[in-house]
There are 2 protein chains.
Amino acid sequence: MKKPAKDEFAALRLDNQLCFPLYAASRLVIKLYKPFLDRHGLTYTQYIAMMALWEKDDVAVNELGERLFLDSGTLTPLLKKLETSGFIRRERDAADERTVRIQLTGQGKKLQKAMVDVPRQMASCVHIGRDEAGNLHELLHDLIRNLSKTG
Amino acid sequence: MKKPAKDEFAALRLDNQLCFPLYAASRLVIKLYKPFLDRHGLTYTQYIAMMALWEKDDVAVNELGERLFLDSGTLTPLLKKLETSGFIRRERDAADERTVRIQLTGQGKKLQKAMVDVPRQMASCVHIGRDEAGNLHELLHDLIRNLSKTG
DNA sequence: TACAATTAAATTGTATTCAATTTAATTGTA
DNA sequence: TACAATTAAATTGAATACAATTTAATTGTA
C-alpha cells in the first residue's frame, strides 16, 4: 500500500525558494519608489547611479558598475540619459582614453539636496520594524558578499 | 565653532537603504541560476512561470500574474515563447472569450521531473546557513505581504 | 620597438518590466 | 434589451539587464 507521498517537487514551489521572494520584493519596492522618483525625473536605476555618484564623484564607468553590479551595456545608455538630463558630465580621461569619467554637474549636486527626504518618505510606506529592517539588511549584505565572491 | 557635522545625506547612501541590497541580491541570484536554466532552455522569468504552472495548471493569465506579481504586458510575450518552446498551450476560454487559459503540455510536465534537482544545485552555490535562509525567507515574505497590501 | 594580450566602453541582440492605451467580450442597469 | 461600465489580454513605447561582440587604447614582452 502506498504511503501518502511526501511531495517530491516541494523544492520547486515558488514559496520554498529564496530567489522568488527576493525577486518579488525587489520589484515591489522599486515600484513603490516610482512616484517619489517621478517628481525628480529619475528612474530607479538612474537614482541608484546618482546615489553612487553622490558618495563618490569623478569615477570611471567601470568603478560605478562594480558598486552597482551593472556593466557598460546597462550603464552606457543610462549615463547618456543622465547627461542629457543635465545631472552628470561624461568625459574621456586624458591620461587613458579608454576610460570615461563621470562627474556631477551643479544640477546633479543640487539634486541630492532636493531628494534628501526620499528615503524617509519611502520608509513611511514600508511598514517594517527597526529590528526587522536591520536584520534583513544584514542578511542581504551577507548574501551579496557571498555571491559577489562566487561570480 | 562648528561641530563635525553628522552626514545629513547618510540616508541617501546605497548601503543604508533596504532597496538596493534587495535589488542587487535578486539580480545576483538570478545570474547564478543562468547556467542551470540554460541547459533546459529557460530564462529565469520563464522558470518561475513554469513553477507556478507546476503548482496549478489551467489558469488564466490574470491568475498567473497575481502569483508572480507580473502583468499581461510581461506575461503575454513570455507565454507565447513558452508555447513556441512546446511547454504550454494557450487557449481562449470557451465560456469567457476574454480570458486565455494556460495549460501544461506533456513536455511541460516532463520538464518538472527534469528540473527537480535545480533547487538543490542552486542551494549548493549559495552558501547560506539553514537559520539565515529561514530568517531571510520569513522577513521577505513579511515584506511582500506588507507591500502587496499597499499596492 | 613590433605586436600579442589585455582592458574599457560601446554596440548588438534578446528578453524582460511596466505604465498606458487599445481591443474585444461580458456584466450591470436604466 | 440598449448601452455604459467593467474586465481580460494584447499592444505600444520607454528603460532596463545582460551575454557576446566590437572598437579603440594601453600594456607587457619577445
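- Nearest heavy-atom pair, B/Val116 versus A/Glu8, reported as atom, atom and distance to 0.1 Å: CG2-O, 3.6 Å.
- Note: A/Trp54 and A/Tyr47 have perpendicular aromatic rings, judged against thresholds of 30 and 60 degrees for the angle between ring planes.
- Following rounding to the nearest Å, B/Ile30 (CD1) and C/dA15 (C1') show an atom-to-atom distance of 12 Å.
- Atom CD of B/Glu91 is separated from atom C1' of D/dA10 by 18 Å (rounded to the nearest Å).
- Residues A/Arg67 and A/Val59 are not in side-chain contact: their nearest non-hydrogen atoms beyond the backbone lie 4.5 Å or more apart.
- Closest non-hydrogen pair, B/Ala10 versus B/Asn16, comes out as O-ND2, 2.8 Å.
- When every heavy atom of A/Ile144 is checked against every heavy atom of B/Pro21, the shortest pair comes out as CD1-O, 3.5 Å.
- Within 4.0 Å of A/Arg101, counting heavy atoms only, lies no atom of the nucleic acid at all.
- Toward the 5′ end of DNA chain D lies the nearest nucleotide of A/Gly73, the other residue of the pair A/Gly73 and A/Asp96 mapping further downstream.
- Across the interface with DNA chain C, nearest-nucleotide mapping of A/Val100 and B/Ala95 shows A/Val100 to be the residue nearer the 5′ end.
- For the contact set between residues 75-84 of chain B and DNA chain C, defined by any heavy atom under 4.0 Å, the members are B/Leu78, B/Lys81.
- Here the C1' atom of nucleotide C/dG13 and the CG atom of A/Asp71 are 14 Å apart, to the nearest Å.
- Evaluation of atom-type donor-acceptor distances gives no pair under 3.5 Å for the side chain of B/Thr99 against the base of D/dA8.
- At least one side-chain heavy atom of A/Phe36 sits under 4.5 Å from a side-chain heavy atom of A/Cys125.
- As a whole-Å value, the separation of A/Glu97 CD from D/dT23 P is 19 Å.
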Extract from the structure each pairing of a protein N or O with an N or O of nucleotides 1-7 of chain D at less than 3.5 Å, listing the distance.
unit_1, atom_1, unit_2, atom_2, d
D/dT7, O2, B/Arg98, NH1, 3.1

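- The shortest non-hydrogen separation linking A/Leu104 to A/Met50 is CD2-CE, 3.6 Å.
- Side-chain N or O atoms of A/Thr105 include one that pairs as donor or acceptor with a backbone N or O of A/Phe87 at under 3.5 Å.
- Contact check on B/Arg13 versus B/Asp15 returns no salt bridge, with no Lys/Arg side-chain nitrogen under 4.0 Å from an Asp/Glu carboxylate oxygen.
- Rounded to whole angstrom, the span from the CG atom of B/Leu32 across to the C1' atom of D/dA17 amounts to 16 Å.
- In DNA chain C, runs of at least 3 stacked Watson-Crick or G-U pairs (N1-N3 plus N6-O4 or O6-N4, or N1-O2 plus O6-N3, all under 3.5 Å) give these stems: C:1-30 with D:1-30.
- Nearest nucleotide to the side chain of A/Arg27, out of C/dT17, D/dC18, C/dT26: C/dT17.
- Rounded to whole Å, atom P of C/dA9 lies 13 Å from atom CG of A/Leu68.
- Between B/Tyr33 atom OH and D/dC18 atom C1' the separation is 18 Å, expressed in whole Å.
- For residues 122-141 of chain A, no pair satisfies salt bridge (charged side-chain N to carboxylate O under 4.0 Å, His left out), with sequence neighbours left out.
- Taking a 4.0 Å limit (strictly below) on heavy-atom distances, residues 39-58 of chain B reaches DNA chain C at B/Thr43, B/Thr45, B/Gln46.
- Of the listed nucleotides (C/dT17, D/dA10, C/dA10), D/dA10 has the atom at the smallest distance from the side chain of B/Val61.
- Distance, A/Asp38 CG to C/dA20 C1': 13 Å, rounded to whole Å.
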Query - Test log, rule ring-ring contact (aromatic ring centres under 6.0 Å, His included), inputs A/Tyr23 and B/Phe69 - result: CA-CA 10 Å; A/Tyr23 164 80; B/Phe69 304 98; 9.1 Å; no
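- Residue pairs meeting the salt bridge (charged side-chain N to carboxylate O under 4.0 Å, His left out) criterion with at least one member in residues 99-112 of chain A, sequence neighbours excluded, are A/Asp58-A/Arg101, A/Asp93-A/Arg101.
- To the nearest 0.5 Å, atoms OG1 (B/Thr74) and CG (B/Leu79) are separated by 10.0 Å.
- Salt bridge absent: A/Glu97 and A/Arg92 never bring a charged side-chain N and a carboxylate O closer than 4.0 Å.
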